[in-house]
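In this text the structure is predicted, and so the values were computed from the model without any measurement. All chains are named by letter (A, B, ...) in the order of the sequence lines, taking the proteins before the strands, and each is independently numbered beginning at 1.
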2 protein chains.
Amino acid sequence: MTNIRKVAEMAGVSVATVSRALKSPDVVSPETRERVLAAVERSGYRPNMTAVQFRSQRTRNLVVLVPTVANTFFARVISGIQEAASRQGYAVLLCNTMADEQAERDYAAMVTNRQADGIIQLRAFYPFDDQQSLDPLPMVNACEVMDDALCPRVHLDNRAAARVMTEHLVQLGHRRIGMIKGPRLSPLTRDRLRGYQEALEDAGIPPDEKLICPGDFSLASGYRAVASLLEQRQRPTAIFCENDEMAIGAIKRLKEAGLRVPEDISVAGFDDISFARYSDPPITTIAQPAEDFGREAVSLLVSMIEGTDVKRDARRTMPFELVVRNSTGPAPL
Amino acid sequence: MTNIRKVAEMAGVSVATVSRALKSPDVVSPETRERVLAAVERSGYRPNMTAVQFRSQRTRNLVVLVPTVANTFFARVISGIQEAASRQGYAVLLCNTMADEQAERDYAAMVTNRQADGIIQLRAFYPFDDQQSLDPLPMVNACEVMDDALCPRVHLDNRAAARVMTEHLVQLGHRRIGMIKGPRLSPLTRDRLRGYQEALEDAGIPPDEKLICPGDFSLASGYRAVASLLEQRQRPTAIFCENDEMAIGAIKRLKEAGLRVPEDISVAGFDDISFARYSDPPITTIAQPAEDFGREAVSLLVSMIEGTDVKRDARRTMPFELVVRNSTGPAPL
DNA sequence: CGAACCAATGTAACCGGTTACATCGACCAA
DNA sequence: TTGGTCGATGTAACCGGTTACATTGGTTCG
């Protein structure tokens, strides 16, 4: 492996000059620079980045913790992150954690280890031990955010969005509106549920626990949840699913039961993933500027890393939009 | 930042003893070990991994280049990779490259840079300059493999799989079978196309260029391709899509044209992504052991890294399975 | 009793860059 | 002429671990 000393020898200069010729070309004379670059070229020299990182205490790497990269919503967030990061000269190291806390801690350690300069967490879990350390770690929480202000957060007003969706269903005349929830402990689920409940209350519709089904954001869980909703004495005329995958699973089960969507029953989703538009019928859902979540998170994180003052409890709320397609329609008489 | 010297001082031993107590506990006396571990505990010492990596020339990181992490097939491959890697003590750094060659080269440089020990490429592109270097770089190519034997490869016999699917359609009585291809330059597309053509030839069906449409694996491209197939004087009675996303897009367009699947026209996919089962109708497709692709790739890569002899042109061919669902049926009379 | 050996630990070189500080020669102004 | 300044470059310390080799003290055996 050719190192900086070999290059220095070839160019007939000191290692310091080689380093300078590569990192701050303007401080070496043009002739020397030429000579060094020629030697670099001839020797095929590539700096050993572990040495550079070790010495300079910077890596220009960002770690991103994603619960499931397969989720097309997260995929869009990721592409926003990558775009912004590469524009700012950072590489993105993606970690598909499957919501495993130990895996998240291990990857987060890359920051305390100095293998990465900062971390973006897309889940409501703080992966470090020192929750209250004085100098906040360079971390940003996006999408599903934590309640505690342990680091800057980029999020959606899930409560408001769920409320808008529920109001949409109410306006269509629905009064028995089922809900298929996301994972039990997710703040995202809690907020969407609250929005749904508030909208019902505003409309003077009494809450009904039996209409609220557990789910886990998977296609299969949407499918299963519908089975239990259909057993009810008085069936709902609309089902609000906390994400589009579950809506797709739900629709499948409804069709199997011989029900037409939306004539017999309406189904709403959340996220506006690409499959939502191609579903039969296309799904009414909440669209989020996913890429912007990523860009915003990177912008905050880079500010933290580069020393710009970012308040630990900074918070960016992103806009959402109700996208009405054909999976929702007037309540049957 | 507490370092090994501080810990050594606290424990009243030398830095070498601290290092040994942590890395090879059996060579230090139990009492000393206790003392060191206590000091580590009290000081909150965490080894600086950049120093460890720099010194030991190993990182225990694997880079994985994925064209699009959102693709649910790749997501399964990734989870196989992660499972196998973590079992062998390696961390996985995922890179969503969007098939951008420069991005792939940049991330691949992490290996030549020594920021990672090896790389798994899920696309048919060799991201290093020195194609013919004497000591092969620790790289494994999986899923969409290159024709040149530049590194070990883990792949599917796409030709055989496409042939099986086409034979399935022929057996159902179809003689005008359209095809929606994947990206132009992909070897995967070329092989699947060849399998399709061979099956037609075996069945004595003359080839018809007009039945072969370009696509790019996206939902939208499947949708668009069907539009052009429907313009044909004599419409196909079956369409073989090179992946499930395009099949879903195709079905949507067919329904919009008032055609029933599979009564009026059959549609087949490839990959068996989770949405395939939830489509209406569920899609007939080719299932691949996606997780095994990942596990196999890691196994080969780790062997290369750890010096076990792996032939540069090693090649593992994974099995596939025809999954018949309801999107294919007998050809209409 | 002394040589040989061994377990436990210490000393210090080393990995490959970066950079503070030193050095040197050219040029300029007093 | 001389002291000061400045641009270009060299010297060497340093980052924080790992590990070859040296050292020490105790035990075993001829």
[atom1] of [X] versus [atom2] of [N]: gap in Å, rounded?
X     : N      : atom1 : atom2 : result
B/E9  : C/dT11 : CD    : P     : 13 Å
B/Q53 : C/dG16 : CD    : P     : 15 Å
B/L22 : D/dG17 : CG    : P     : 10 Å
A/R5  : C/dG16 : CZ    : P     : 8 Å
A/Q57 : C/dT18 : CD    : P     : 13 Å
B/I4  : C/dT11 : CD1   : P     : 14 Å
A/R58 : C/dG17 : CZ    : C1'   : 16 Å

(message) Suppose the criterion is ring-ring contact (aromatic ring centres under 6.0 Å, His included): which pairs have a residue in residues 11-62 of chain A, not counting sequence neighbours?
(response) A/F54-B/F54
(message) Tell me which pairs pass ring-ring contact (aromatic ring centres under 6.0 Å, His included) where either residue lies in residues 17-41 of chain A, with sequence neighbours left out.
(response) none
(message) So if I take the C1' atoms of five pairs at each end of the helix from C/dC1-D/dG30 to C/dA30-D/dT1 and get each local axis, what angle do the two axes make, rounded to 10 degrees?
(response) 60°
Got a list of side-chain donor-acceptor pairs under 3.5 Å for residues 87-94 of chain A, not counting sequence neighbours?
residue : atom : partner : partner atom : Å
A/R87   : NH1  : A/E83   : OE2          : 3.0
A/Y90   : OH   : A/R58   : NH2          : 2.7
A/Y90   : OH   : A/E306  : OE2          : 2.9

(message) Closer than 3.5 angstrom, by distance alone: can the side chain of A/S186 be matched with the main-chain N or O of A/T189 as a donor-acceptor pair?
(response) yes
(request) Say whether, by atom type as modelled, one donor and one acceptor occur between the side chain of B/R33 and the main chain of B/A21 under 3.5 angstrom. (result) no
(message) For B/R20, give me all partners under salt bridge (charged side-chain N to carboxylate O under 4.0 Å, His left out), at least two apart in sequence or on another chain.
(response) none
(message) Going by salt bridge (charged side-chain N to carboxylate O under 4.0 Å, His left out), name the residues that satisfy it together with B/D292, two or more places apart in sequence or in a different chain.
(response) B/R295
(request) Identify the residue among A/N141, A/L300, A/L301 that makes a side chain to side chain contact (heavy atoms under 4.5 Å, CB included) with A/C151. (result) A/N141
(message) Just to be sure I understand the geometry, which residues of residues 28-49 of chain B put a non-hydrogen atom under 4.0 Å away from DNA chain C?
(response) B/V28, B/S29, B/T32
Contacts of [X] that satisfy side-chain hydrogen bond (donor to acceptor under 3.5 Å, both in side chains) - sequence neighbours left out:
X     : result
B/R55 : none
A/S43 : none
A/T59 : A/D117

(message) For the residue pair B/E104 / B/T97, report whether a side-chain donor-acceptor contact shorter than 3.5 Å exists.
(response) yes
(message) Hydrogens and angles aside, do A/Q115 and A/N61 bring a side-chain donor and acceptor to less than 3.5 Å of each other?
(response) no
(message) Categorize B/V18 for me: base, sugar-phosphate, or nothing, with a 4.0 angstrom heavy-atom threshold over every strand shown.
(response) nothing
(request) Under 4.0 Å from any atom of DNA chain D, heavy atoms only: list the residues of residues 108-115 of chain B that qualify, in numerical order. (result) none
(request) For nucleotides 19-26 of chain D, just jot down a letter per nucleotide in 5' to 3' order: B, S or -, based on protein non-hydrogen atoms under 4.0 Å. (result) BB------
(message) Are A/P187 and A/V145 packed together at the side-chain level, in the sense that at least one heavy-atom pair is separated by less than 4.5 angstrom?
(response) no
(message) With nearest nucleotide decided by heavy atoms, which residue, B/S14 or B/F54, maps closer to the 5′ end of DNA chain C?
(response) B/S14
